[in-house]
**Student:** 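Just passing along the structure, written as structure tokens.
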Amino acid sequence: MDMEKKILTQISFKNLDRSDAVEALIREKIQKLKLFHAGIVRCHVVVSRDHHHHHQGNLFHVAIDLSVAGHKLVANHEPEEDHEYTNVFVAIRDAFNSMGRQLEDLARHQQGKVKSHAT
């Protein structure tokens with residue numbers, strides 16, 4: 001019997017159709033987040049498309065809401081920050097990289113490896 005803890009996962013799409021390729025990539029990225037912290041309980045990812053940037057094309061926004069044993073982490077990549085977000089895969093990559101850094105920081109903090117600054 002597989003004893004690996006499952007992450008409750010929800011993936012939502014706003015202002016765009018659901019995509020098997022995008023959903024598969026997100027599920028793969030969620031599994032890789034377990035390398036940063038084993039205590040992930042829940043992950044909700046919202047991929048949305050902004051229709052208001054006619055001169056730049058449609059920009060994608062990716063929000064990740066993650067629950068980790070008593071902590072809630074959020075990574076939002078706003079399309080206004082980078083015009084590269086006309087590519088949904090770039091927006092997903094950057095959002096998950098940001099979440100990975102947050103999980104690393106949380107794991108270091110929980111393990112007591114965070115340097116304390118002198119007051």
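Quantities reported herein were computed from a predicted structural model and do not represent experimental measurements.
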**Student:** Using side-chain heavy atoms (C-beta onward) and a distance below 4.5 Å, is Ile30 in contact with Phe96?
**Tutor:** yes
**Student:** What is the minimum heavy-atom distance between Phe60 and Asn87, and which atoms define it?
**Tutor:** CD1-C, 4.0 Å
**Student:** Identify the residue among Val47, Val88, Val45 that makes a side-chain contact (heavy atoms from CB on, under 4.5 Å) with Phe13.
**Tutor:** Val47
**Student:** Provide the closest heavy-atom pair for Leu33 versus Met99 in the form atom of the first, atom of the second, distance.
**Tutor:** CD1-CG, 3.9 Å
**Student:** Output the distance between atom CD (Gln31) and atom CD1 (Ile40), rounded to the nearest 0.5 Å.
**Tutor:** 8.5 Å
**Student:** Does the side chain to side chain contact (heavy atoms under 4.5 Å, CB included) test come out yes or no for Val62 and Ile26, once each step is laid out?
**Tutor:** CA-CA 10 Å; Val62 177; Ile26 289 170; 6.0 Å; no
**Student:** For the pair Gln10 and Cys43, evaluate side chain to side chain contact (heavy atoms under 4.5 Å, CB included) and give the outcome as yes or no after the intermediate values.
**Tutor:** CA-CA 6 Å; Gln10 181 180 0; Cys43 184; over 6 Å; no
**Student:** Does the side chain to side chain contact (heavy atoms under 4.5 Å, CB included) test come out yes or no for Gln110 and His71, once each step is laid out?
**Tutor:** CA-CA 11 Å; Gln110 290 176 331; His71 298 275; 3.3 Å; yes
**Student:** Nearest heavy-atom pair of Gln102 and Leu73: which atoms, and what distance?
**Tutor:** OE1-CB, 3.7 Å
**Student:** Is there side-chain contact between Leu66 and Val74, with heavy atoms separated by less than 4.5 Å?
**Tutor:** no
**Student:** What's the shortest heavy-atom distance between Ser98 and Ala75, and which atoms?
**Tutor:** OG-CB, 4.0 Å
**Student:** List the steps, then state whether side chain to side chain contact (heavy atoms under 4.5 Å, CB included) holds for Val46 with Asp65.
**Tutor:** CA-CA 9 Å; Val46 178; Asp65 180 3; over 6 Å; no
**Student:** Under 4.5 Å between any side-chain heavy atoms of Lys14 and His61, yes or no?
**Tutor:** no
**Student:** Only counting residues at least two apart or in another chain, list the ones meeting salt bridge (Lys or Arg N to Asp or Glu O under 4.0 Å) with Asp17.
**Tutor:** none
**Student:** Could you measure the distance from the CG atom of Leu25 to the CG atom of Asp20? Nearest 0.5 Å is fine.
**Tutor:** 12.5 Å
**Student:** For the residue pair Ala63 and Asn76, what are the closest heavy atoms and their distance?
**Tutor:** CB-OD1, 2.9 Å
**Student:** If you measure from CD1 on Ile92 to CD on Glu28, what distance do you get to the nearest 0.5 Å?
**Tutor:** 11.0 Å
**Student:** Find out whether His109 and Gln111 are in side-chain contact, i.e. whether some heavy atom of one side chain is under 4.5 Å from a heavy atom of the other.
**Tutor:** no
**Student:** Between the side chains of His37 and Glu104, does any donor sit under 3.5 Å from an acceptor?
**Tutor:** no
**Student:** Of all the heavy-atom pairs spanning Ala69 and Val41, show the shortest one and how long it is.
**Tutor:** N-CG2, 4.0 Å
**Student:** Could you check whether any side-chain N or O of Asn15 sits under 3.5 Å from a backbone N or O of Arg49, counting only pairs where one atom can act as donor and the other as acceptor?
**Tutor:** yes
**Student:** Looking at OG of Ser12 and CD of Glu23, how far apart are the two atoms once the value is rounded to the nearest 0.5 Å?
**Tutor:** 9.5 Å
**Student:** For Thr9, check side-chain hydrogen bond (donor to acceptor under 3.5 Å, both in side chains) against everything at least two apart and list the hits.
**Tutor:** none
